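Everything numeric here is computed off the predicted structure, so don't read it as measured data. Every number for a ligand or one of its atoms is a count from 1 in the order of the listing.
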Amino acid sequence: MGKSKAAQLEALKGEVEKLSASPLYAYRQENGYQVVFGEGDPGARLMFIGEAPGKQEALKGRPFVGAAGRVLDDLLQSIGLERAGVYITNILKDRPPENRDPRREEIALYVPFLRRQLELIRPAVIVTLGRFAMQFIFEELDMPQQGGSISLLHGQPLEATAPYGPVAVVPLFHPAVTFYKRDQQQILKDDFQVLKSLL
Ligand code: URA
């Protein structure tokens with residue numbers, strides 16, 4: 001029998017840890033940060049994809065454990081889910097300095113790992129958190145919504161084809177938007193109800 005999914009994911013994480021070609025590698029070492037590879041159920045039906053780890057995430061080596069993570073936890077709870085029952089990751093596996101936008105060459109280095117995560121986990125539903133992850137998945141799966149606006153597309157399950165088969169892609173606003181736009185809190189809550197119907 002081949003290695004379990006969990007073991008293969010763990011091996012991939014080890015590869016990211018050694019990725020000294022990354023422009024973010026030295027920054028990680030200098031600050032005592034960790035790789036934030038992703039966590040959850042390797043057999044999850046739902047996979048959440050954010051942009052990049054923030055400081056709290058890099059310190060703990062876990063995705064969405066800062067303020068945005070608390071919002072995500074509440075939203076998951078609102079539809080009866082726990083973190084352990086889904087898989088949560090980001091496009092970038094290392095924190096960019098001062099949370100600046102990921103650069104093209106950084107994305108190019110980390111994306112093969114996200115592709116492998118998708119291939120191993122084979123989620124039936126890919127939930128993108130924020131504009132950046134949404135556009136990335138639209139391009140990656142060559143979806144007709146490329147270039148579309150998150151304001152119009154959020155909360156809608158979109159049919160797409162992943163290399164392993166059909167998937168529903170659900171773009172959501174990033175949980176951090178609720179910090180500066182209070183009305184988005186209700187929108188995110190409502191959009192999560194859509195996820196419930198896809199479980
Ligand atoms: N924002 C993200 O996009 N990802 C995290 O892991 C934390 C905050």
Side-chain angles (χ1 to χ4, degrees), residues 9-10 12-13 16-17 19 22-25 27-28 31-42 44 46-77 81-104 106-118 121 123 125-140 150-151 153-155 169-182 184-185 187-189 191-192 195:
L9 288 166
E10 204 48 40
L12 273 178
K13 179 181 171 185
V16 182
E17 282 168 346
L19 197 67
S22 169
L24 304 177
Y25 180 85
Y27 182 65
R28 183 210 304 161
N31 289 281
Y33 290 153
Q34 300 180 49
V35 163
V36 181
F37 183 71
E39 67 179 22
D41 180 359
L46 251 63
M47 179 158 161
F48 290 82
I49 304 178
E51 178 174 325
K55 184 171 179 180
Q56 289 309 314
E57 286 77 19
L59 285 170
K60 299 197 175 88
R62 299 180 56 207
F64 284 95
V65 288
R70 283 190 287 280
V71 176
L72 181 61
D73 286 345
D74 286 349
L75 288 163
L76 284 170
Q77 218 176 40
L81 283 178
E82 297 199 16
R83 288 172 77 103
V86 299
Y87 193 86
I88 307 174
T89 190
N90 287 296
I91 296 173
L92 255 56
K93 314 301 191 199
D94 275 301
R95 180 188 183 217
E98 307 315 316
N99 300 336
R100 65 158 168 71
D101 286 346
R103 295 189 176 143
R104 197 160 271 279
E106 292 163 357
I107 298 166
L109 271 167
Y110 290 94
V111 156
F113 296 98
L114 179 60
R115 287 195 186 118
R116 289 287 291 131
Q117 284 172 306
L118 282 163
I121 298 164
V125 184
I126 299 174
V127 185
T128 56
L129 299 173
R131 195 185 314 265
F132 190 89
M134 178 189 83
Q135 292 300 352
F136 173 79
I137 288 293
F138 284 177
E139 283 174 34
E140 181 71 9
I150 193 168
S151 314
L153 294 167
H154 71 89
V169 172
V170 186
L172 296 186
F173 286 115
H174 195 285
V177 296
T178 59
F179 305 154
Y180 49 94
K181 288 186 186 163
R182 300 294 296 180
Q184 304 267 4
Q185 210 163 338
I187 296 176
L188 258 171
K189 262 191 158 167
D191 286 354
F192 256 72
L195 295 186

*Asks:* Backbone or side chain, does any N or O of Glu57 fall under 3.5 Å from an N or O of ligand 1?
*Replies:*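 In fact, backbone or side chain, Glu57 has no N or O that close.
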*Asks:* Taking the six-membered ring for Trp, are Tyr27 and Tyr33 ring centroids under 6.0 Å apart?
*Replies:*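 Yes, they do, as the ring centres are separated by less than 6.0 Å.
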*Asks:* Which protein non-hydrogen atom lies closest to atom 8 (C) of ligand 1, naming both residue and atom, and how far is it?
*Replies:*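 Heavy-atom neighbour on the protein nearest atom 8 (C) of ligand 1: Phe64 CE2, 3.8 Å.
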*Asks:* Do Lys189 and Gln184 pair up side chain to side chain, a donor and an acceptor below 3.5 Å, judged on atom types alone?
*Replies:*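 Judged by distance alone, the side chains do not pair up.
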*Asks:* For atom 1 (N) of ligand 1, grab the closest protein heavy atom and report residue, atom and distance to one decimal in Å.
*Replies:*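 The answer is His174 NE2, 3.2 Å.
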*Asks:* Regarding Lys13 and the six-membered ring of Phe37, is the cationic atom NZ or CZ under 6.0 Å from the ring centre and inside 45° of its axis?
*Replies:*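 Judged by the rule, Lys13 and Phe37 form no cation-pi pair.
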*Asks:* Might you confirm whether atom CZ of Arg100 has over 12 heavy atoms from other residues, nucleotides or ligands at distances under 6.0 Å?
*Replies:*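 Correct, the count exceeds 12.
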*Asks:* Mark up the atoms of ligand 1 that fall under 4.0 Å of a heavy atom belonging to Pro63, in ascending order.
*Replies:*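 So the answer, numbered in order with elements, is 6 (O).
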*Asks:* Checking side-chain polar atoms at under 3.5 Å, does Tyr110 have a donor or acceptor matched by the opposite partner on Asp94?
*Replies:*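 Per modelled atom types, Tyr110 and Asp94 side chains form a pair under 3.5 Å.
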*Asks:* Pick one of side chain, backbone, both or neither for how Ala52 approaches ligand 1, counting any non-hydrogen atom pair under 4.0 Å.
*Replies:*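 It is the backbone that gets close, since no side chain atom is under 4.0 Å.
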*Asks:* Among all protein non-hydrogen atoms, which one is nearest to atom 4 (N) of ligand 1, and what is the separation to 0.1 Å?
*Replies:*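 Closest protein heavy atom to atom 4 (N) of ligand 1: Asn90 OD1, 2.7 Å.
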